[in-house]
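Below is one structure, written out as structure tokens; comments come after it.
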Amino acid sequence: MIIQTSKKLPSIKELGEILKKGLSDQYSYNVFGLGSQSVLVSKSHLIGAQVMIHGQEVSIVSSPPSVFGGVLQTLGMTELAIFILPLFGFSARSKYAMLEKEIGSFIHYKYN
């Protein structure tokens with residue numbers, strides 16, 4: 001999801017603090033990357049989103065927020081999908097989309 005903004009965007013560290021104050025306390029926030037390039041918002045070990053700033057655009061990409069979540073997602077997309085998907089249900093994609101929409105609507109409201 002890409003959001004165009006009309007107001008000047010803060011630095012990525014400031015955006016992490018703004019998200020922490022403005023969104024629910026049920027999420028955790030980590031600034032990471034070489035030179036602090038993005039904010040990782042995580043809801044659980046499996047559900048998360050990466051928020052990046054590019055000029056006047058904010059991109060939000062769903063991604064597993066932990067190594068465990070990444071490995072589990074990779075396994076879920078390969079041969080073990082038959083065994084893993086029934087354990088966690090088929091609604092993980094909708095949870096990713098809901099998290100992206102919540103973050104996106106917050107940023108859109110704050111910076112437009």
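Not counting sequence neighbours, the partners of S11 by the side chain to side chain contact (heavy atoms under 4.5 Å, CB included) test are K13, E14. Residues meeting the side-chain hydrogen bond (donor to acceptor under 3.5 Å, both in side chains) test with Y27, sequence neighbours left out: E102. Contacts of K101 classified as side chain to side chain contact (heavy atoms under 4.5 Å, CB included), with partners at least two apart in sequence or in another chain: M1. Considering only residues two or more places apart in sequence or on other chains, E57 meets the side chain to side chain contact (heavy atoms under 4.5 Å, CB included) condition with I2, Q4.
For the pair V51 and L40, the minimum side-chain heavy-atom distance is 4.5 Å or more. The shortest side-chain heavy-atom distance between L9 and L15 does not fall under the 4.5 Å cut-off. Looking at heavy atoms from C-beta onward, I60 lies in side-chain contact with I3 at the 4.5 angstrom threshold.
Scanning both residues, L99 and A49, for their nearest heavy atoms gives CD2-N, 3.8 Å. Between S62 and Y96 the shortest heavy-atom distance is CB-CD2, 3.3 Å. Nearest heavy-atom pair across N112 and T5 is OD1-CA, 3.1 Å. Residues L19 and Y29 come closest through the heavy atom pair O-OH, 3.4 Å.
In this structure, CD1 in I18 is found 5.5 Å from NZ in K110, a value given to the nearest 0.5 Å. Here the straight-line distance linking atom CD of E100 with atom CD1 of I103 works out to 8.0 Å at 0.5 Å rounding.
M52 belongs to a hydrophobic cluster with V61, counting contacts under 4.5 Å between side-chain heavy atoms of Ile, Leu, Val, Met, Phe, Trp and Tyr, direct or through other members.
The side chain to side chain donor-acceptor pair (under 3.5 Å) pairs that include a residue from residues 46-56 are S38-Q50, where partners are two or more places apart or lie in different chains.
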